[in-house]
Amino acid sequence: MKRILVLHTGGTISMHADKAGRVVPDSDNPMNHASVKLDDIQINAIDFLNIPSPQMTVEHMLLLTQKIRETAGLYDGVVITHGTDTLEETAYFLDTMILPQIPIVLTGAMRSSNELGSDGVYNYLSALRVASHDNAVDKGVLVVMNDEIHAAKYVTKTHTTNVSTFQTPTHGPLGIIMKHDILFFKTAEPRVRFRLESLTGTVPIIKAYAGMGDWLLNTLDKSSIDGLVVEALGAGNLPPEAAQSITKLIQEGIPVALVSRCFNGIAEPVYAYQGGGVKLQEAGVMFVRELNAPKARLKLLIALNAGLKKQELKEYIEG
């Protein structure tokens, strides 16, 4: 008998549609009444939070981290139900923390509990199956949605409403959920993890666009930010004026991490023209591999709170 801790945090999976078709929060979580009994699983479900995921903060993520640590040794796996808008960020955050070596699985729903074709109960059941599976151990934090198992580091929400919204660009999923079994055909790569009790600091995200000048970057209050993530063009390029402002920020001690705004592929310094990736790297911009901007923001914020500086910070951000 596997013991699974379930932490409900809110989101569409715990909501319902009213008579006007508007999706609204529900004080009585429908997952607590869902028929998801499995013969080999003992569930302890806790209504840990009840918030829409746009209201999720790093403080909430820390609370989840601490709760999972507190229960070390009591459970064989953890399932977290979560709103889909920021699910990938919470998953990535947990994946960078030192946690018990048990399966930790996040899931959610794209359709609320009383909508036609609601996917909440099925995703919840699938997450429980994965969290209790022996092969899910030491795979890192997982996201289970729509019969697929994804690594927290790479998964992202790709569609506003479709039930197959969670995808892993470039890599593909780690595994799939079958009718009677769980199949993993990839393993998550090892990564650095931290033990943090608090997080402070501000790391904004700025997205590049054609014709971008230096105005937006020059409006940043340098005394109020601790780092910056730039979602650059293509392989990692910026318009010249924006690149000059980025260089000035770095010279003033603001660490700048760069990702591509492209859906697929990896940011890397390729072009040596003014504003190109080669010039940006020479100026001190750190290229983040395979993460989107929200996850790169968390990575930089966590690294700064862990006390990483200079070359150590660069190696971690670019690793």
Side-chain angles (χ1 to χ4, degrees), residues 5-18 21-32 34 45-68 78-97 99 104-115 118-124 126-128 130-131 141-146 148-168 199 202-205 229 291-299 301-302:
L5 172 66
V6 175
L7 299 174
H8 295 303
T9 69
T12 300
I13 194 169
S14 66
M15 297 182 183
H16 70 277
D18 64 15
R22 301 171 302 183
V23 179
V24 294
D26 199 326
S27 58
D28 186 15
N29 191 335
M31 292 304 103
N32 289 328
I46 299 173
D47 289 321
F48 192 72
L49 298 169
N50 188 15
I51 59 173
S53 66
Q55 298 177 13
M56 185 67 66
T57 66
V58 292
E59 287 76 22
H60 291 128
M61 298 175 194
L62 269 175
L63 289 175
L64 283 167
T65 303
Q66 291 161 358
K67 182 64 177 179
I68 295 170
V78 176
V79 168
I80 299 170
T81 62
H82 196 291
T84 58
D85 284 352
T86 60
L87 185 150
E88 65 195 81
E89 289 169 77
T90 298
Y92 178 75
F93 181 92
L94 293 173
D95 203 37
T96 62
M97 295 294 108
L99 292 172
I104 298 173
V105 180
L106 281 81
T107 193
M110 294 302 293
R111 296 172 183 161
S112 59
S113 60
N114 61 336
E115 289 184 87
S118 175
D119 54 333
V121 172
Y122 184 79
N123 285 338
Y124 182 33
S126 297
L128 289 167
V130 173
V141 174
L142 303 171
V143 172
V144 169
M145 296 278 289
N146 200 41
E148 292 184 339
I149 306 166
H150 296 268
K153 182 176 180 179
Y154 304 117
V155 71
T156 190
K157 186 175 182 179
T158 65
H159 194 285
T160 54
T161 57
N162 197 298
V163 293
S164 65
T165 180
F166 280 91
Q167 303 291 331
T168 299
L199 274 95
T202 301
V203 177
I205 299 170
V229 172
L291 293 185
N292 59 23
K295 292 178 182 177
R297 170 189 166 269
L298 285 172
K299 187 173 189 178
L301 184 63
I302 289 167

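Just one residue in the list Val130, Val155, Val79 forms a side chain to side chain contact (heavy atoms under 4.5 Å, CB included) with Leu142, and that residue is Val130. A side chain to side chain contact (heavy atoms under 4.5 Å, CB included) with Asp95 holds for exactly one of Ile104, Leu298, Leu106, Val141; it is Val141.
Scanning all heavy atoms of the two residues, the minimum distance from Gly120 to Ala109 falls at CA-CB, 3.6 Å. For the pair Ala34 and Val121, the tightest heavy-atom approach, listed with the atom from each and the gap, is CB-CG2, 3.8 Å. Across Val143 and Ala91, no two heavy atoms sit closer than the pair CG2-CB, 3.8 Å. Taking all atoms of both residues into account, the shortest heavy-atom contact from Ser112 to Ser118 is O-OG, 3.0 Å. For the pair Leu49 and Met56, the tightest heavy-atom approach, listed with the atom from each and the gap, is CD1-CE, 4.3 Å. Taking both residues in full, the closest heavy atoms of Ala127 and Val105 are given as CB-CG1, 3.8 Å, listed atom of the first, atom of the second, then distance.
Looking at heavy atoms from C-beta onward, Met15 lies out of side-chain contact with Val24 at the 4.5 angstrom threshold. At least one side-chain heavy atom of Leu63 sits under 4.5 Å from a side-chain heavy atom of Phe48.
Atom CD1 in Ile302 sits 6.5 Å away from atom OH in Tyr92 (nearest 0.5 Å). Rounded to the nearest 0.5 angstrom, Thr81 OG1 and Met31 CE are separated by 8.0 Å. Here the straight-line distance linking atom OG1 of Thr9 with atom CD1 of Ile46 works out to 12.5 Å at 0.5 Å rounding. The distance from the CD1 atom of Ile51 to the OG1 atom of Thr57 is 6.5 Å, given to the nearest 0.5 Å. Note: Thr12 OG1 to Asp85 CG = 7.0 Å, rounded to the nearest 0.5 Å. For the atom pair OG1 of Thr158 and CD of Gln167, the computed distance is 5.0 Å after rounding to the nearest 0.5 Å.
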Report the C-alpha separation of Lys67 and Leu64 in whole Å, then their side-chain angles, then the decisive distance to 0.1 Å, and conclude whether the side-chain contact (heavy atoms from CB on, under 4.5 Å) test is met.
-> CA-CA 5 Å; Lys67 182 64 177 179; Leu64 283 167; 5.7 Å; no
Verdict with reasoning, Glu88 to Asn292, per side-chain contact (heavy atoms from CB on, under 4.5 Å) = CA-CA 10 Å; Glu88 65 195 81; Asn292 59 23; 2.7 Å; yes
Might you work through the side-chain contact (heavy atoms from CB on, under 4.5 Å) test for Val78 and Leu99, ending with a clear yes or no?
-> CA-CA 11 Å; Val78 176; Leu99 292 172; over 6 Å; no
For the pair Asn32 and His8, evaluate side-chain contact (heavy atoms from CB on, under 4.5 Å) and give the outcome as yes or no after the intermediate values.
-> CA-CA 9 Å; Asn32 289 328; His8 295 303; 3.4 Å; yes
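Judged purely by atom type and a 3.5 angstrom limit, Arg297 uses its side chain to pair as donor or acceptor with the backbone of Val203. Distance alone, capped at 3.5 Å, places no donor-acceptor pair between the Thr86 side chain and the Pro54 backbone. Under the 3.5 Å distance criterion, the side-chain polar atoms of Ser113 are left unmatched by any main-chain donor or acceptor of His16. Between the side chain of Asn123 and the main chain of Met145, no donor-acceptor pair closer than 3.5 Å is present. Counting only distance, with no hydrogens or angles, the side chain of Ser14 and the backbone of Gly11 share a donor-acceptor pair below 3.5 Å. For the pair Asp26 (side chain) and Asn29 (backbone), a donor-acceptor distance under 3.5 Å is absent.
Taking the six-membered ring wherever Trp is involved, the centroid distance between the rings of Phe93 and His60 does not fall below 6.0 Å.
Remark: Thr84 engages Lys157 in a side chain to side chain donor-acceptor pair (under 3.5 Å) (not counting sequence neighbours). When the side chain to side chain donor-acceptor pair (under 3.5 Å) test is applied to Thr90, the partners found at least two apart in sequence or on another chain are His82.
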